[in-house]
Trainee: 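I have a structure I would like to understand better, so I am pasting it below and will then ask my questions one at a time.
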Amino acid sequence: MMGKVIPLKENLNTTIKEILELLLEKECFDAVLVPVRVPSGESFAYLLMKDRRILQSCTPLPPIMPVQGARALRDLTRRGNSNLKVLCVMRPCEIRASIELAKLRQIRLENVSFLSFDCPGALRTKDYINSPEESDNQYQEIIATWESENFRSACNTCLHFSYEGLPADLHIHLTNMKEERMGITPLSDKGKESLSRIGIECNGDLSGWQTEVNEISRKRIANRDKAFSELRDKISGAEGFHDFFSDCINCHNCMRVCPICYCRQCFFDSSGEAKSEAEDYLAKIGAKGGIRFPGDMMLFHLGRMSHMALSCVSCGACEDGCPMEVPVSRAFAFVADEVQKMFDYVPGRNEEEPIPVQTYQEDELHQYEDAKGTG
Amino acid sequence: MAKIGLYLCECGPNIAEVLDLEKISNEIKKDGKVAAIERHKLLCSEDGKKFLAESIEKNGFDRLVIAACSPKQHEATFMDVMSAAGLNPYMFQLVNVREQCAWMTPDKELATYKALRYIRAAINRVRYHRAIEQKEIECNADAIVIGGGITGMEAAVRAAQKERRVYLIEQTELGGMLKCHRVLFPTMELVDQLLKAKVDAVRGNEQIEVFENSEVKDVLGFFGNFVATIETKEKEEITLHAGAIILATGAEPFSPEQLSNFGYGTLDDVYIASEFEKVSADRIATKSGDPPKSVAIVHCVGRKNLGYCSEFCCANSMKIARYIKERLSDAKVVQFYKNLCLPGTQYDKFYKETAEKGVEFIRFTDIEVTREAERLSIKYRKEDHTENNLPVDMVILSTGLVPNSATERFAKMLNIPVDEYGFFKEEHVKLDPVSTVTEGVFIAGCAQGPGNISDSMAQGGAAAGRILSSVTPGGRLQLEPETSQVSESLCVGCGVCVNVCAYGAVTIDELRHISVVNEVLCRGCGNCAAACPSGAARHRHFTTKQITQEMGEILR
């Protein structure tokens, strides 16, 4: 892995800003899509910009991820191919979600490039809003140590935090931040060309940095195994699933913040088909003795899960957005992991790789047919 | 409020004796969801149908539930009665209380319980049925036949009629694989006569337009309205319109070059069967110019590699033996075989006659062809493990047929599946052997799998027959009424439905960024509706509402 080791100037964000500035100046890109702190100071939003002065206000690696970047890119490119060469500065999970949306024809990737980071994780938005300054300081430390108790749960179990299998163009290595330096490597020809255009020579060997990545991966795998094994019993069966989601207030916010949930209107929000006549609800009560309203809580989560499981990048947006603190992303990450393994599929790995639901094979998955001995 | 009529058919004793229809009647009455319940001894009889029609009118029902036999038996019968009585036939649900309840168990109580649940489910469902209109489209009665072999020519001649033009497109010249043969089995007639007669019939038919040395570039459209672009001999692109297509693109002989033990491609005087017939048209001779004193014909060459028996080759090998014997009566002709495949009434006799003419048959387990000095040598092992050697002057390898490159090309172009060996796959091997999943595209001859000339011609005729019966000049095409549709307001254009459609009926409208269903191609399988996360793609007669209403009761 050849790249360039760059000593930090002031801090990480200013060092990256300088690179972005150069990339715009040398016309490698027409614009950048990058997070910027909102006027209240408590959150961040994606801004599309070409003015280098406005670039000064950006925060390439914000401590939180209030909006999943794939949603921003979807809004930008949905109407068709962009002639604008845009560099998107995003976390790996945001890039991977973008690739999934491209496969689902919701994002057009022509002329879109990605700059990614080794992502230590994102803090919980609610915690951040309560004390932005304190959290900012905390995050500086986190980038150096890669340890925190305040990450989203999804981040603690994330295995795709680095560049491996990531279809980005440029990647910034952050696993040696204790030594006040970062690394940058091109991951594509486009990335290589733009680096050479701004005078960054990739003559340093960054292979050694992989040691830290492997070390972090080991911890994350241990976290993941522990979390999944605890979850397995808890969420199994209709009752386990129901109890897990029982705090749900049917606000459907998890669906709204999910980068993958791409329906124009959710089936459960569109009138008619999913709803029954009052008398039919009464008939449904049966042996249970009562029926919960607003209805379809379980069906909503099951439905979303069946639609999302293959493409879920486990970014944790759903859980972050839940006002009731239902651990949604834990359930989704767990089920996604199982389903993705079933098809040997990694979401966001490659735009050319179809999502298994998009392909039809007559001869597959026979091992599941006989699960109950019924063929 | 829907006015539902429930009919309980006794089916003679079949249903009446096992189900407690009285109880069912009372329970359903209590639910209060149907306007009236009628009972009849045999609803499918003439008397029953009359009763049904009159009762619909008298009661003014707008929806029916009939508890009777399997839909496969009488669904269409009852739908016809409804249409005649002025009711849309889709405002109806048939409950199979005979096969699925009465005939399932002698336990009257259980059977009645199950029937009651099924009937309730149907009543719940039928409330949400909507009228579905039978649509028709204008269609082009002309046909395109691709492939000018014996199959394609036969199909073209049978399909071409007064008001139907047939465009016969051939990559090279008319004749196909038959051009490689000299005589036919089992009659030993000369091929030339048959071929000439067929070619003359094609060329003499004013309704057939032949395009030789022409290539099909692209086919667009669908059943009733195909548009094909072809490149003619003069490199000119022309457009043809037709309602149906017959693919008779043939096959080619398996080439045993990869099998080192036959010496094919390396040793002189080793031929595959079709080559031999071609080179021996005037005179049978070895490379040195002398007539061969002995000839070995090896059966089943490549049989193991192919994984299937090509059926025609055993008889063809015997035909070749006799062809040689008729011309070189002193020549020794030996058939090396493993198993003889000679089905049909003609071939036992054919085999015996061949043996009587002095053709030897040797059963082998292993075989190798080499050249020793001036002659070829057949080294073979018999079933009793003895190893033997036979010097010969010529070896003819009898190989089966494999798909040619056209098969794959047209499979892609017309969205037709191929089987595990690469031949076109029919809609159903027994029930629908010349149809494909793409409506209006038929297959015939060796493109569908190896066969002899009689079979190929019969298939060509059958494919033509399918066209004659489905697209009539000036006629209209009745479409499948139970199709899918896509809601423009809900569709987000993700295209998941496009890939799961086996019929190529769903495409993306790039301008509106939504998917659209071609109702001519749609067969109503419901794959798209199942795959759509938004509920935008829906099956007209299997809406989520209808299914949940029905299943809600059954699974309660």
Side-chain angles (χ1 to χ4, degrees), chain A residues 74 77-81 100-108 238 255 258 260-277 279-288 291 295-296 299-300 303-311 354-363, chain B residues 1-2 31-33 120-121 123-125 127-128 417 419-420 425 437 486-503 508-515 525 527-538 542-553 555-556:
Chain A
R74 181 173 78 168
T77 63
R78 194 168 172 177
R79 301 287 301 180
N81 298 356
E100 288 303 289
L101 285 184
K103 293 176 190 177
L104 292 160
R105 304 167 49 91
Q106 306 302 307
I107 280 182
R108 306 289 178 114
M255 170 266 283
C258 173
I260 307 293
C261 252
Y262 61 90
C263 291
R264 186 164 295 180
Q265 188 179 19
C266 180
F267 181 75
F268 290 95
D269 289 338
S270 58
S271 60
E273 293 279 303
K275 304 284 178 278
S276 297
E277 314 285 333
E279 57 183 42
D280 291 333
Y281 280 121
L282 202 60
K284 264 194 202 171
I285 290 175
K288 285 179 286 184
I291 187 164
D296 295 328
L299 270 183
F300 169 75
R304 220 175 76 77
M305 200 170 261
S306 76
H307 294 157
M308 292 306 106
L310 279 162
S311 290
I355 304 173
V357 74
Q358 291 173 315
T359 59
Y360 172 72
Q361 284 175 30
E362 204 171 326
D363 208 25
Chain B
M1 176 84 184
D31 294 343
K33 286 182 180 171
R120 280 184 170 137
I123 292 167
N124 277 354
R125 186 191 211 277
R127 292 184 300 167
Y128 295 95
D419 64 17
E420 57 184 311
K425 199 170 175 181
V437 294
V486 172
S487 155
E488 195 173 331
S489 56
L490 290 177
C491 178
V492 70
C494 71
V496 168
C497 52
V498 175
N499 301 300
V500 297
C501 178
Y503 304 102
I508 293 279
D509 178 338
E510 292 290 349
L511 214 61
R512 290 186 293 166
H513 200 68
I514 57 167
S515 70
C525 72
N527 265 5
C528 56
C532 177
S534 313
R538 57 202 283 277
F542 285 86
T543 63
T544 304
K545 191 96 210 177
Q546 290 164 358
I547 295 170
T548 48
Q549 283 293 330
E550 186 176 15
M551 297 315 289
E553 173 60 33
L555 301 174
R556 185 164 54 88

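So that the names make sense, note that chain A is the first sequence line, chain B the second, and so on, each numbered from 1.
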Trainee: Evaluate the side-chain proximity of Tyr262(A) to Pro533(B): yes if any heavy-atom separation is below 4.5 Å, no if none is.
Mentor: yes
Trainee: Which pair of heavy atoms, one from Val357(A) and one from Val496(B), lies closest together, and at what distance?
Mentor: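 Closest heavy-atom pair between Val357(A) and Val496(B): O-CG1, 4.0 Å.
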Trainee: Quick one: what part of Arg120(B) sits under 4.5 Å from any heavy atom of chain A, side chain, backbone, both or neither?
Mentor: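 Neither part; nothing is under 4.5 Å.
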Trainee: Verify, without hydrogens or angle tests, whether His513(B) (side chain) and Arg105(A) (backbone) share a donor-acceptor contact under 3.5 angstrom.
Mentor: yes
Trainee: Given heavy-atom pairs under 4.5 angstrom as the criterion, report whether the side chain, backbone, both or neither of Cys491(B) touches chain A.
Mentor: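 Backbone of Cys491(B) only, per the 4.5 Å heavy-atom cut-off to chain A.
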Trainee: Checking the side chain of Gln106(A) only, and the main-chain atoms of Val492(B) only, is there a donor and an acceptor separated by less than 3.5 Å?
Mentor: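 Yes, the answer is positive, given that a donor and an acceptor are paired below the 3.5 Å cut-off.
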Trainee: Relative to chain A, which segment of Gln549(B) carries a heavy atom at a distance below 4.5 Å: side chain, backbone, both, or neither?
Mentor: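 Looking at Gln549(B), just its side chain touches chain A.
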Trainee: Measure from the side-chain N and O atoms of Arg264(A) to the backbone N and O of Leu490(B), and report whether any donor-acceptor pair falls under 3.5 Å.
Mentor: no
